[in-house]
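Residue numbers begin at 1 in each chain, while the letters A, B, ... track the order of the sequences.
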Number of protein chains: 2
Amino acid sequence: MGVNLQNESQLFIGIDGGGSKCRATIYSPKMGVIGTGVAGRANPLHGLEQTFESIRQSTDLAIADANLTQADIKTLVAGLGLAGVNVPRLYQLINEWQHPFAHMYLTTDLHTACIGAHNGEDGAVIITGTGSCGYAHVGEQSLLVGGHGFALGDKGSGAWLGQQAAEHALLNLDGFAQDSQLTQLILAHFDVSDAIGIVENLAGQSSSTYAKLARLVIQSAEQGDVVAIEIVKQGAKYISDMARKLFTLEPRRFSMIGGLAEPLQKWLDSDVGQQVQPALAQPEIGAILFAQQQYSKHQG
Amino acid sequence: MGVNLQNESQLFIGIDGGGSKCRATIYSPKMGVIGTGVAGRANPLHGLEQTFESIRQSTDLAIADANLTQADIKTLVAGLGLAGVNVPRLYQLINEWQHPFAHMYLTTDLHTACIGAHNGEDGAVIITGTGSCGYAHVGEQSLLVGGHGFALGDKGSGAWLGQQAAEHALLNLDGFAQDSQLTQLILAHFDVSDAIGIVENLAGQSSSTYAKLARLVIQSAEQGDVVAIEIVKQGAKYISDMARKLFTLEPRRFSMIGGLAEPLQKWLDSDVGQQVQPALAQPEIGAILFAQQQYSKHQG
């Protein structure tokens, strides 16, 4: 951690909130990570109250894990990386929150993920988990691509792969699309026998429910299923396009993170796949680094 | 109306509930339609409480329009055609509702639309409004195709056309897809200037919000916009496939209904387009005919 702090006893909390989970990590400059907590989704686009609740829950769990007390929360300097706060209205609403911390510094989950992946240095990242998006930060420039959320964008993400597969399964069961092992795998996944059973399990559900089908798509593609291969290739094509757009900023490092980063890598165009370097630290560590950077800037 | 009733003073109410609106029509065998009411969406897949609320509201409005009193509601024989009740669990939940009517007969909105379109006779219908689906009833056989709801199925529907257009606009604004006049039309529709503005207006919104973009797609296709033409053709291809599947039951009549039926007709494959005949009555009249058929069967 490359930030010099005047007060070495100051504790930091890094919070990484997205469409599936909210992770909180408490960090002591002297002792390193001293506690972690995980709660449910914290995506302001899908509800502010749930976002605040998940932040509180993950914080409480991390506090307990670190053997701190509730009263210690107000001494923490928090760095929050949240999905959706690239929308100015949401950024403002979260920033106006009567938060329980000593200080709260807010940015996008992409920014903190990027800071973490490159250990505080400049670089580019693509996240492919429940959603998908790309971010690069080089000098004074930053670039955000994709990340418009489920059912609008997020091609190549877990939710998108799952939605494409479910859509195909329903077309297949109705006799409008070619056979694929995905149809049987999705029926088995929900333990149902027909299209209505699939609809009952997916209608009105959030992106994370769809994302649970993604591993079936990846697995079927790896087993040579033509429909699954077509879906995965289309998603990977978009991820490759996104990467090339980030490369226009000439980042020194590029990492892929999220649950689908590893399985998708082999499907990327080779000019992109060759450039992928391991992420050096998790997004929640990026959130801590961000909190430290902002805190030392504002205190200094 | 071809049903003989022993009691000519019995009043009926036909209720047609879907993803955008709920329409109630009160019918007197002696005087014909005596009152109508329209309320918000009534799709049980997207919420039971809202469905019951919309049924109540549209009923109250129709009661007032017919110069009846609240006390008269319990004398009405109701026919309900509701989206989503092809799902057995939802059919059961709605059927268990402590409804305010003398009798309530429940079926799908497709069934009542089909009964209406062919004035109580056998036939086939495709509905393309907010959603899309097909239904045929011939003798003892009935066939339901598509209609799996927004973000899973409903290709060719208003919501699907709108979603495809919004997805393209975001890809276009991000530099990942070709230009189309749709991008500027959608920005103007929401009075915003960038991708974030579109996302803010669509994220988490219901199918009816997406369906409002459909006329922009149809209009752009008619003006020769290549992207819009591709979207409309893909939707119309699915509608044509659905029609040919319904034709396997050899229905005597086939009608297209819903807000997109007319604009989509010219894009259908010619073998399908040629068979389209006008709907003879509205779905809510179909719901009344259904109520009369069921009532005379159960009373007889």
CD/B:Gln205: more than 12 non-hydrogen atoms of other groups inside 6.0 Å: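 Yes, enclosed.
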Give a yes or no on whether B:Lys245 atom NZ has more than 12 heavy-atom contacts from other residues, nucleotides or ligands under 6.0 Å away.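 Counting neighbours around NZ of B:Lys245, more than 12 heavy atoms of other residues, nucleotides or ligands fall under 6.0 Å, so yes.
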Under 4.5 Å, counting heavy-atom pairs only, tell me which of B:Asn86, B:Ile198, B:Leu45 racks up the most with chain A. B:Asn86
Going by the side chain to side chain donor-acceptor pair (under 3.5 Å) test, which pairs reach into residues 123-134 of chain A, not counting sequence neighbours?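 Passing the test, one end in residues 123-134 of chain A: A:Ser20-A:Thr130.
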With chain A as the partner chain, list the residues of residues 142-154 of chain B whose heavy atoms fall under 4.5 Å from it, by residue number, and write 'none' if nothing qualifies. B:Val145, B:Gly146, B:His148, B:Ala151, B:Leu152
Part of residues 164-182 of chain B lying next to chain A, heavy-atom separation under 4.5 Å: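 Within residues 164-182 of chain B, the residues that come under 4.5 Å of chain A (heavy atoms only) are B:Ala166, B:Glu167, B:Leu170, B:Leu171, B:Asp174, B:Gly175, B:Phe176.
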Can you name the side-chain contact (heavy atoms from CB on, under 4.5 Å) partners of A:Ser193, sequence neighbours left out? none
